[in-house]
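Taking it in order: structure first as structure tokens, then the write-up.
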Amino acid sequence: MCGITGIVSLSRSDIGKILVECGRKLTYRGYDSVGVAAVRNGRVDLRKDVGTIDEVNDRLGLSEMLGDRGITQLRWATYGAPTRVNAQPHFGCEEVFYGAHNGNIHNFHEYRSELIETGHIVRSENDGELCVHAVDKYYEQTGDMLESIQKSVDDLKGAYAYAIGRADAQEIFAVKMGSSLVTGVGESETIVSSDLPSILPVTRSVIYLQDGEMLHLTPDEVKVYRIEDGKKLDRVPELSSVDLNAAEKGGYPHFMLKEIYEQPNVAKDLMGLLEGGRNEEWLSMIEDASRVYLVACGSSYNAGIVGSYYFNRLAGTPIIPSIGGQFEPMYGKSLDEDSLCILVSQSGETKDVLNVLNLVRRDNLGKTLGILNVIGSTLMFNSDSYVPMGCGYEVSVPATKTYFAQTIIFAYLSAMLGLRNGTLSAGESRRILETLQNDLPKLTQQTIDRTGILAKNLASTMTDVKDLYCLGYGFTDGVAREGAWKIKEICYNHCEGMYSSEFKHGPLSIVTDNYPVIFVTTTEDSWMMINHINEVSCRGGRTIIVGEREDKLGPYVESETDYLAVPKSDPLINPILDVIPLQLLSYFLSIDLCIDPDLPRNLSKTLTVD
Ligand code: BG6
């Protein structure tokens with residue numbers, strides 16, 4: 001997955017500077033390679049290379065590039081290795097057309113061969129180059145950019161967005177066909193980008209786009225057209241109130257640490273948001289559905305597992321969690337007009353999740369409820385209703401505060417639902433809701449304060465560990481998976497998260513002297529977890545515990561360092577808090593291993609490809 005930004009300006013001659021500033025805000029989307037095409041006096045200066053935007057900028061002086069228009073692209077490699085030649089933007093056959101894309105062109109191999117056979121000079125193994133050639137090809141025939149773009153879309157199969165310009169024209173065109181795209185209208189300049197934060201250094205006046213739309217940007221205006229029939233659409237820019245500071249580290253060494261420390265505020269703000277939200281609608285959607293699925297990927301899926309336990313426990317409502325890409329082959333046939341898919345996605349752009357949204361909409365297979373953080377995302381615009389997480393931008397690639405917010409949303413909705421359907425008494429429901437409302441922010445802060453130093457110390461004992469397990473039982477199933485996910489993502493260790501009672505059915509054979517296993521537990525389930533701890537400790541394994549301090553668990557750890565104790569709280573709040581020491585452990589271990597936790601290798605925060 002990648003990020004693109006294009007700017008056409010009357011007021012600037014140093015376009016490289018602003019392209020780098022805006023492009024930097026898309027770093028979370030890709031850092032395999034970066035390029036800038038800057039146009040001045042009808043000539044395109046194209047510089048690109050492997051690395052992050054800051055690394056390539058230092059090497060090639062991207063921010064010093066002159067011109068009054070241009071395109072930058074940050075790449076997360078799919079088609080073609082992360083090399084200089086595969087970096088974007090690309091030229092067409094000559095140095096006239098320049099452009100870049102985000103997404104995947106599925107008919108890459110056939111179309112690339114076809115272009116080469118018809119005389120196109122294709123230089124790279126990257127599918128983004130085909131977008132430029134497709135327009136180049138049709139422009140030769142039509143001499144009209146909009147028509148050429150329409151025809152290019154017929155040729156290019158897949159889900160993508162691209163931006164393209166010509167050396168001799170003070171304009172840029174862009175296309176949205178399945179990947180995110182936002183545009184903005186500033187003072188004598190316009191901008192198009194994969195995401196809002198990179199628009200904001202230029203303007204707050206933004207237009208969100210729909211799939212199947214194309215744009216024509218000139219310094220004074222952005223015209224939006226429907227690709228299908230070329231009809232010009234009426235789109236009025238709206239003022240964005242998103243806080244730009246969200247994309248700054250604010251004194252923290254990494255975004256990840258900042259975002260972990262923001263969690264007490266997330267807890268506070270989110271409860272306000274939920275109390276004032278469209279509860280009636282969300283709860284009725286769940287109540288009215290014949291069956292409910294929860295579809296998500298990565299950390300959002302792990303949170304969804306916690307959610308399924310909440311809905312069962314507090315509301316007696318089965319909600320089946322499914323990984324986005326697995327949903328259709330595993331459950332697709334069971335959907336009908338009465339089903340509900342709860343689609344959980346921080347970005348609201350994850351393709352594996354949007355595929356399910358599109359399936360439901362296309363075949364009229366029931367309702368969709370989005371749970372999302374990014375306002376203006378595809379998921380927000382296209383689900384029947386949505387619950388906002390209200391976390392502010394999460395910049396670091398590993399999800400922390402958004403996972404945390406998702407678990408709070410599930411606890412809240414299930415407690416409300418349980419009250420309505422009688423699974424919980426009024427008193428029980430009130431106790432849970434009041435704890436979420438009044439105590440959770442404080443408990444979250446205490447968890448960070450108490451486990452921060454413990455996690456740092458524990459991390460320092462684990463730098464030689466290459467392989468470990470993280471086990472949960474009941475509510476902490478999803479928490480353990482998330483802890484393992486974090487360690488995998490940013491420490492490059494093999495850490496498997498799984499159900500603790502399942503461990504003895506196979507993976508237990510890995511345990512030898514000192515083999516580390518993290519057990520994540522609530523006070524409610526520790527009686528059972530002790531059995532699973534014993535299975536490991538009696539074979540010489542190293543027991544690491546995450547949970548409230550309990551006397552019966554103490555003897556199992558060899559030193560205090562191996563007990564990440566969260567503050568005392570309601571057992572139903574444990575699953576929300578228990579993730580925090582695991583986030584901190586993975587963060588500090590990543591630092592000890594000299595890895596940048598914000599930009600782990602090979603990953604991207606938003607994956608808009610299958
Ligand atoms: C991944 C990100 O690719 O997408 C993960 O690296 C994230 O951090 C996952 O959890 C799902 O993202 P989203 O936006 O759908 O919640």
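Bear in mind that the values here come from a model prediction, so they are computed numbers and not experimental data. Whatever order the structure lists them in is the order used to number ligands and atoms, beginning at 1.
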Arg601 to Tyr31, cation-pi by 6.0 Å centre distance and 45° axis angle:
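Relative to the ring axis of Tyr31, which defines the angle, Arg601 lies outside at least one limit.
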If you take the centroid of each ring, where Trp contributes its six-membered ring, are Phe410 and Tyr310 closer together than 6.0 Å?
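No - the distance between ring centres of Tyr310 and Phe410 does not fall below the 6.0 Å cut-off.
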Check whether Asp592 reaches the backbone of Thr463 with its side chain - one donor and one acceptor, N or O, closer than 3.5 Å.
no
Any donor and acceptor pair, going by atom type alone, linking the side chain of Glu129 with main-chain N or O of Asn126 inside 3.5 Å?
no
Which ligand 1 atoms are under 4.0 Å away from a heavy-atom of [X]?
X: Cys297; answer: 9 (C), 10 (O), 11 (C)
X: Leu607; answer: 3 (O)
X: Ser299; answer: 10 (O)

Specify the protein heavy atom at minimum distance from [atom]: its residue, its atom name, and the distance to 0.1 Å.
atom: atom 8 (O) of ligand 1; result: Val397 O, 3.3 Å
atom: atom 16 (O) of ligand 1; result: Ser300 OG, 2.6 Å
atom: atom 6 (O) of ligand 1; result: Ser604 O, 3.0 Å
atom: atom 4 (O) of ligand 1; result: Lys605 O, 3.8 Å
atom: atom 5 (C) of ligand 1; result: Glu489 OE2, 4.0 Å

Does an N or O from Ser347, backbone or side chain, lie closer than 3.5 Å to an N or O of ligand 1?
yes
Tell me whether Thr350 has any N or O atom under 3.5 angstrom from an N or O of ligand 1.
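Thr350 vs ligand 1: N/O contact under 3.5 Å present.
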Does any donor atom in the side chain of Asn104 or Thr78 lie under 3.5 Å from an acceptor atom in the other side chain?
yes
Between Tyr587 and Thr400, is there a side-chain donor-acceptor contact under 3.5 Å, judged purely by atom types and distance?
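Checked: Thr400/Tyr587 side chains show no N/O donor-acceptor pair below 3.5 Å.
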In sequence, state the C-alpha distance, the side-chain angles, and the governing distance for Leu26 and Thr5, and then conclude on side-chain contact (heavy atoms from CB on, under 4.5 Å).
CA-CA 9 Å; Leu26 298 179; Thr5 302; 3.3 Å; yes
